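All values reported here derive from a predicted model rather than from experimental measurement. Counting starts at 1 for both ligands and their atoms, following the listed order.
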Amino acid sequence: MTNDSFTRLLSETKEDFRGYLQYMKGLGCAGVGLSENSLRILDGWCKDAMAETLDMIRDDLGDCQRCKLHKGRRHIVFGVGNPMAKLVLVGEAPGYGEDVQGEPFVGAAGQLLTRILRAIGLTREDVYICNIIKCRPPGNRNPEQDEITACIPFLRRQLRAIRPRLICALGAFASQTLLKTNTPISQLRGRFHAYEDIQLLPTYHPAFLLRNPSRKRDVWEDVQKIQEAYEKA
Ligand code: URA
Ligand code: URA
């Protein structure tokens with residue numbers, strides 16, 4: 001059975017059962033809890049069972065040719081880490097090393113990111129790491145609008161599947177794209193913004209820190225806010 005027909009069956013079964021309970025309630029039956037709350041709980045069961053998993057999203061992405069970046073790529077860089085992470089880190093797009101290895105943030109910027117995580121008591125395995133764009137733009141040029149439009153639905157679905165409590169957007173591109181704003185990263189960073197119902201904190205990109213080490217102090221302040229929220233989440 002395909003995922004679609006399974007989901008439809010599940011949904012129909014739920015509707016049948018819900019209708020039956022409502023009918024019993026109409027007859028005056030009070031033998032089982034038939035409050036609105038019970039019915040809401042029933043809806044919740046179904047929602048959890050119908051939620052997409054990261055594997056389903058990866059399968060749907062397939063050997064993606066939805067934009068021109070597929071022509072030059074070696075690997076799709078989908079994302080790595082804990083599928084139930086409380087914290088997701090989102091970068092821009094794969095670079096050379098990421099394209100070769102198929103994993104995000106494995107180059108010099110990635111090593112710095114791993115050290116930043118360790119400084120707040122986290123490992124790469126605790127969190128989920130991904131990018132706005134899943135294929136390397138030639139020569140690391142900025143992603144173009146048609147590429148963003150083709151790719152970002154997959155990131156949005158990944159975020160819905162993981163349901164993290166916190167997102168850390170790395171750099172101007174990820175922050176501005178997720179928050180749908182042109183405000184400079186220097187003004188966005190350092191405080192929480194809302195992405196759907198998730199708290200999103202923008203900070204500078206680790207590759208920017210490699211070129212501008214004096215900004216490490218800002219990032220240190222930003223990630224301490226993440227650590228504090230993480231411990232409460
Ligand atoms: N820079 C990014 O934005 N993402 C990566 O995966 C690597 C470098
Ligand atoms: N510009 C960017 O694109 N990212 C940063 O992190 C800082 C400046």
Side-chain angles (χ1 to χ4, degrees), residues 54 58 61 64 67 69-70 72-82 85 87-117 119 122-125 127-145 147-148 150-152 154-156 158-159 162 167-193 195 200-226:
L54 289 174
R58 181 65 190 86
L61 186 63
C64 184
C67 87
L69 292 180
H70 79 273
R73 71 157 182 249
R74 272 177 254 199
H75 288 104
I76 294 177
V77 179
F78 185 69
V80 282
N82 179 355
L87 169 63
V88 174
L89 295 114
V90 183
E92 178 169 331
Y96 175 80
E98 291 77 21
D99 178 52
V100 169
Q101 294 188 44
E103 188 172 320
F105 284 101
V106 292
Q111 286 166 24
L112 177 55
L113 182 63
T114 305
R115 288 206 300 279
I116 292 170
L117 283 170
L122 296 172
T123 65
R124 287 173 70 99
E125 291 72 35
V127 300
Y128 191 84
I129 306 177
C130 53
N131 287 303
I132 301 273
I133 301 287
K134 293 180 170 30
C135 297
R136 183 188 181 211
N140 298 342
R141 65 156 168 75
N142 292 339
E144 293 172 359
Q145 192 52 53
E147 298 155 1
I148 302 168
C151 212
I152 203 160
F154 289 90
L155 174 65
R156 294 193 188 283
Q158 284 170 285
L159 291 170
I162 300 168
I167 296 171
C168 181
L170 301 166
F173 179 76
S175 306
Q176 293 173 344
T177 306
L178 288 173
L179 295 175
K180 297 184 178 152
T181 175
N182 293 320
T183 307
I185 179 70
S186 55
Q187 286 171 43
L188 292 173
R189 61 154 281 270
R191 62 201 163 83
F192 286 101
H193 304 253
Y195 170 83
L200 182 149
L201 186 129
T203 193
Y204 292 125
H205 194 289
F208 173 79
L209 292 185
L210 292 173
R211 300 189 301 269
N212 301 273
S214 66
R215 300 300 178 88
K216 283 188 183 172
R217 182 194 301 266
D218 289 337
V219 171
W220 174 237
E221 284 173 12
D222 298 348
V223 296
Q224 281 180 304
K225 289 177 188 162
I226 300 243

| query | Going by distance only, is there an N or O of Ala109 that falls short of 3.5 Å from an N or O of ligand 1? | reply |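 Such a contact does not occur with ligand 1.
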What's the shortest distance from [atom] to any protein heavy atom, and which residue and atom give it?
{"atom": "atom 6 (O) of ligand 2", "result": "His205 N, 2.6 Å"}
{"atom": "atom 4 (N) of ligand 2", "result": "Ala172 N, 3.3 Å"}
{"atom": "atom 8 (C) of ligand 1", "result": "Phe105 CE2, 3.8 Å"}

For [X] versus [Y], what's the shortest heavy-atom pair and its separation?
{"X": "Pro202", "Y": "Asp222", "result": "O-OD2, 4.0 Å"}
{"X": "Leu87", "Y": "Leu122", "result": "CD2-CD1, 3.8 Å"}
{"X": "Gly190", "Y": "Leu201", "result": "C-CD1, 4.1 Å"}
{"X": "Arg124", "Y": "Phe105", "result": "NH1-O, 2.8 Å"}

| request: Give the atoms of ligand 2, by number and element, whose distance to some non-hydrogen atom of Ile185 is under 4.0 Å. | output: 7 (C), 8 (C)
| Atoms of ligand 2 less than 4.0 Å from Phe208 heavy atoms? | 5 (C), 6 (O), 7 (C), 8 (C)
| message | Under 4.0 Å from a heavy atom of Gly91: which atoms of ligand 1 are those, numbered in the order shown and with their elements? | response |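 So the answer, numbered in order with elements, is 3 (O).
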| field | Pro104: numbered ligand 1 atoms lying under 4.0 Å from its heavy atoms | value |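 Numbered from 1, ligand 1 contributes 6 (O).
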| request: Look at the side chain of Gln176 and the backbone N and O of Thr183, then say whether any donor-acceptor pair between them is shorter than 3.5 Å. | output: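 Yes, the answer is positive, given that a donor and an acceptor are paired below the 3.5 Å cut-off.
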| request: Could you tell me whether the side chain of Asn82 and the main chain of Tyr128 form a donor-acceptor pair under 3.5 Å? | output: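 No, the answer is negative, given that no donor and acceptor are paired below the 3.5 Å cut-off.
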| From Phe208 CZ over to Leu112 CG, what is the distance, rounded to the nearest 0.5 angstrom? | 12.5 Å
| field | Within reach of ligand 1, part of Glu92 (heavy-atom separation under 4.0 Å) | value | both
| message | Counting only heavy atoms, tell me which of Pro206, Ala93, Gly107, Gly171 gets closest to atom 5 (C) of ligand 1. | response |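 Nearest option to atom 5 (C) of ligand 1, by heavy atoms: Ala93.
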| said: What I want to find out is whether Asp99 reaches Arg73 closely enough, with some N-O distance under 4.0 Å, to be called a salt bridge. | reply: no
| If you measure every N/O of Tyr204 against every N/O of ligand 2, is any gap under 3.5 Å? | no
